[in-house]
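These notes concern the structure reproduced below.
In what follows, chains are A, B, ... by sequence order, proteins preceding strands, each numbered from 1.
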There are 2 protein chains.
Amino acid sequence: MISAGRVLKATYKDIKADILSKILQGIWTPGSLLPNEVALAERYECARATVNRAMRELAEDGFIERKRKAGSRVRLSPVRQAKFDIPIVRREIEEHGAQYRYALVQSEACVPPDWLRARLQLSNTAQVLHLTCMHYADGAPYQLEDRWINLTLLPQARDADFTTVGPNEWLVSQVPFSNAEISFSATAADQTIADHLGCPIDAPVFQVERSTWWTDQAVTTVRLWHRPGHRMTTRY
Amino acid sequence: MISAGRVLKATYKDIKADILSKILQGIWTPGSLLPNEVALAERYECARATVNRAMRELAEDGFIERKRKAGSRVRLSPVRQAKFDIPIVRREIEEHGAQYRYALVQSEACVPPDWLRARLQLSNTAQVLHLTCMHYADGAPYQLEDRWINLTLLPQARDADFTTVGPNEWLVSQVPFSNAEISFSATAADQTIADHLGCPIDAPVFQVERSTWWTDQAVTTVRLWHRPGHRMTTRY
DNA sequence: CAGTGGTCTAGACCACTGA
DNA sequence: CAGTGGTCTAGACCACTGT
């Protein structure tokens, strides 16, 4: 058991910061038992609900574990998570102070290839729209996009004009929120990628794949290839 | 403005789920103004604090935006975030049902190269421990680790035995919590990487770089190279 | 069964900010 | 300046779970 120093009329943020600093400095070490909420409320001279919020957020942030009856402990192993902003290419580019340009390379309605039908669980009669697009930063190739849209779910995509608006931005306006699976990997540039990104064939390319569903129906899947040297960074 | 259906004695989870389903189904569309907390509290027949918690969490989850005086709106563009579990290689491998094996390849205390001193803001007199390690899944190369540990901050690393315990697990036991910067990219295998991972030179390799600090002092930096074909996946 | 966190309430005051 | 969310309070009851 740990004893807490006395602090006057603390807000939940004060309490959270105070407890966190004790953990980060190693004053409260992994595995040790923290005072219970009532005790902390006395020491910080506030209501238990205020302490509760501070502790709840520390638990959400992965710093402590809480159990009824057993109390709250500093986590033993930092079960840490990293959060990434889902890359929205236009914003990504503009935030780097560069000028964004978009171009449609190809657009074709077709029957989905087998691998796509399998991945998106499409019916045998489904039709899809296949788009190829380029995103430029200050005129230089930044990202190549290979997009498939489920025409059964979004027939209006057939008549949409993708020469000026990118499929991502169009989709956001059509499907409010959706579930998605996203994965990152490294791949070698094939002829098409090399041509569009202006890099050698077999150059290592950072690849993002994302499939999204709306109420259990496949909306779209996309592969994004980034120019060589691209990095995705975050802090935690 | 949107009107809410009446629900009896709802908990904050009920309210959150109800509002979220209206957003996901497109009943409440992006940009539209939600009822204020007092109105929702009446409709759900609960206290305002209960509504507040539901709405606060929806905002944290990125579904709505809240502003004083202006009210709460469904987000226009899904500023969604993806959470990744920080890859802990042993768990990653064992969760795939494979057997984990670790091996120390090389260990050497030395003066940090310039790029490392710059990256970690080390003093001129700093010493570092340079480790090279391999992680195997079912006997096959899985990940090559190139690790640098700040000996000024962690002198005990000099005497630690890294032949049986990986540096990551050792560090976790020495430094309770730390800030980190992590980045992902694609790179081409050099001779060393190719040898250790058993892949061709110039093969595209998924690279993770992570630097961590403890109270503003650099603890360690590491580069991890994954076997060809490695994917990092999440849902959101 | 008893101790702990989880949640709700009714009310209050405050901070911010759009009109 | 008035409407909205942000936070706090003092108290209450409940759910879970270790002992």
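Spacing between atom CD of B:E37 and atom C1' of D:dG5 amounts to 5 Å, rounded to whole angstrom units. Atom CG of A:N36 is separated from atom P of C:dG3 by 11 Å (rounded to the nearest Å). Atom CD of A:E57 is separated from atom P of D:dG6 by 12 Å (rounded to the nearest Å). Atom CG of B:L34 and atom C1' of D:dG3 are 16 Å apart (whole Å).
Remark: A:R90 engages A:E169 in a salt bridge, criterion side-chain N to carboxylate O under 4.0 Å. Salt-bridge annotation for A:R73 and A:E65: absent, with no side-chain N of the basic residue lying under 4.0 Å from a carboxylate O of the acidic one.
A:Y100 places no side-chain N or O within donor-acceptor distance of the main-chain N or O of A:V89, the cut-off being under 3.5 Å. Listed for the B:T29 side chain is no donor-acceptor partner under 3.5 Å among the backbone atoms of B:G26.
Nucleotide D:dG18 has C:dC1 as its partner under the Watson-Crick or G-U criteria, with both atom distances under 3.5 Å. Figure legend. C:dA10 is base-paired to D:dT9; pairs are counted as Watson-Crick or G-U wobble with both atom distances under 3.5 Å.
B:W148 and B:D146 share a side-chain donor-acceptor pair at under 3.5 Å.
Side-chain nitrogen and oxygen atoms of A:R56 include none within less than 4.0 Å of the OP1 or OP2 phosphate oxygen of C:dG6. Contact annotation: A:T50 side-chain N/O to D:dT7 OP1/OP2 distance is not under 4.0 Å. Between A:K13 and D:dT7 there is a side-chain N or O to OP1 or OP2 distance below 4.0 Å. For D:dT4, the OP1/OP2 oxygens have no side-chain nitrogen or oxygen of B:S72 closer than 4.0 Å. Remark: A:N52 is not in phosphate contact with C:dT7, judged by side-chain N or O atoms under 4.0 Å from OP1 or OP2.
Looking at which nucleotide of DNA chain D each of A:R68 and B:A70 is closest to, the 5′-most match is held by B:A70. Checking B:M55 against A:A47, the closest nucleotide of DNA chain D that is more toward the 5' end is the one next to B:M55.
For A:R48 and C:dT7, a side-chain-to-base donor-acceptor distance below 3.5 Å is present, hydrogens and geometry of angles not being considered. Under 3.5 Å, the side chain of A:R53 and the base of D:dG6 form no donor-acceptor pair of N or O atoms.
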